[in-house]
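Take a look at the structure below.
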Amino acid sequence: LIAPLPVLKFLNIKHGFQHDSYNFIVNLVKTMLKTASRRDDLITLLREANITDEELKNLNLNNLTASSEVEHQTEDKLQEETDKKVVSGKATKKLTDAEIIGQCTVFFVAGFETTSATISSALFELAQNQDVQQKLFDEIADKLSDIDEETNLEEYYEIIMNRMPYLDAVIKETLRMNPPVTRLER
């Protein structure tokens, strides 16, 4: 069960993460948020939607009210302003560090099963098709032969993610033949 820790404590449910594992994820996400490098990944998207603790403290919360009439007027006005800003390309909603950590945790947990199923299927298919396995091995060996992954992580990441078309094709074909999720209900 994934829920905020106070809710789990109230329901007397122990959460699924060990304390050390959760701290690892928190520290990893905070480190990634502080890193200046820009990649086309989830962390970059969440970093762009981040609101700092200082910005959070400086928010003007004096206009909050419990009146439903005023609340609807405020919501309508806020929606109009949001629509204008979204059309102009500037979103108004910002995420706190805690929300970003929560999103990354859910992303990690939800992606674990599908990733492991895809890797297992890819390994099975490669074992069945030795010619494909050899061609993939040759591409990986060729592209990474001059790279020291210990000292040049940015170039290593770039090559793995963007310069191995056959690896990309193998993964896509594996997903086509053995989809990890066959049905998604909304």
Side-chain angles (χ1 to χ4, degrees), residues 1-3 14-52 86 89-91 93-186:
L1 177 66
I2 297 175
K14 295 188 184 225
H15 59 87
F17 285 109
Q18 297 295 325
H19 188 66
D20 292 343
S21 300
Y22 183 73
N23 285 339
F24 173 77
I25 292 173
V26 169
N27 292 332
L28 178 68
V29 171
K30 285 183 177 181
T31 301
M32 294 294 292
L33 287 173
K34 292 177 186 173
T35 304
S37 66
R38 176 164 170 71
R39 298 179 175 154
D40 293 329
D41 60 6
L42 178 70
I43 294 290
T44 301
L45 291 173
L46 293 174
R47 184 187 311 135
E48 290 172 358
N50 190 18
I51 185 170
T52 64
V86 167
K90 297 178 182 176
K93 172 69 173 127
K94 295 282 190 172
L95 299 175
T96 64
D97 285 350
E99 289 173 323
I100 291 174
I101 291 166
Q103 289 296 319
C104 290
T105 303
V106 169
F107 188 75
F108 175 77
V109 170
F112 180 77
E113 179 63 31
T114 55
T115 302
S116 64
T118 301
I119 291 171
S120 298
S121 297
L123 291 174
F124 176 77
E125 293 297 335
L126 288 170
Q128 296 293 317
N129 300 290
Q130 296 289 315
D131 56 326
V132 174
Q133 182 182 23
Q134 187 60 47
K135 188 174 178 181
L136 180 60
F137 176 80
D138 292 342
E139 179 185 63
I140 293 170
D142 179 53
K143 300 284 185 177
L144 297 180
S145 62
D146 299 332
I147 303 296
D148 180 14
E149 68 270 7
E150 302 275 331
T151 58
N152 200 348
L153 290 175
E154 289 296 322
E155 188 175 0
Y156 183 78
Y157 180 84
E158 172 67 24
I159 289 171
I160 294 289
M161 296 304 293
N162 299 320
R163 295 189 206 155
M164 291 194 182
Y166 198 70
L167 174 63
D168 189 49
V170 166
I171 292 171
K172 287 179 179 176
E173 182 65 7
T174 300
L175 289 169
R176 185 190 69 79
M177 292 172 55
N178 305 299
V181 178
T182 57
R183 181 175 168 179
L184 181 63
E185 294 188 35
R186 293 183 177 210

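What you see is a predicted model, and the numbers here were worked out from it, not measured in a lab.
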Any non-hydrogen side-chain atom of Thr174 less than 4.5 Å from a side-chain atom of Phe124? no
Do Asn178 and Glu125 have side chains that approach each other closer than 4.5 Å (heavy atoms only, starting at C-beta)? yes
Let me check something: any side-chain donor-acceptor pairs from residues 109-117 under 3.5 Å, sequence neighbours excluded? List them with distances.
| unit_1 | atom_1 | unit_2 | atom_2 | d |
| --- | --- | --- | --- | --- |
| Thr114 | OG1 | Gly111 | O | 3.2 |
| Thr115 | OG1 | Gly111 | O | 2.6 |
| Ser116 | OG | Phe112 | O | 3.2 |
| Ser116 | OG | Glu113 | O | 3.0 |

Between Asn129 and Gln133, is any side-chain donor less than 3.5 angstrom from a side-chain acceptor? no
Asn27 side chain to Asn23 main-chain N or O, any donor-acceptor pair under 3.5 Å? yes
Say you draw a straight line from CG of Leu153 to CD1 of Ile160; how long is it, rounded to the nearest 0.5 Å? 11.5 Å
Give me the atom names and distance for the closest heavy-atom approach of Pro179 to Arg176. CD-O, 3.9 Å
Closest heavy-atom pair and its distance - Met164, Leu144: CE-CG, 3.7 Å
Applying side chain to side chain donor-acceptor pair (under 3.5 Å), can you list everything that pairs with Asn162, at least two apart in sequence or on another chain? Glu158
About how many Å separate CZ of Arg163 and CG of Asp168, when rounded to the nearest 0.5 Å? 14.5 Å
Atom OH of Tyr157: over 12 foreign heavy atoms under 6.0 Å: yes
Closest non-hydrogen contact found for Tyr166 with Glu139 is N-OE2, 3.0 Å
d(Ile25 CD1, Ile101 CD1) to nearest 0.5 Å is 10.0 Å
Closest heavy-atom pair, Leu136 versus Leu167, reported as atoms and distance to 0.1 Å, is CD1-CA, 3.5 Å
Ile100 side chain reached by Lys30 side chain, heavy atoms, under 4.5 Å: no
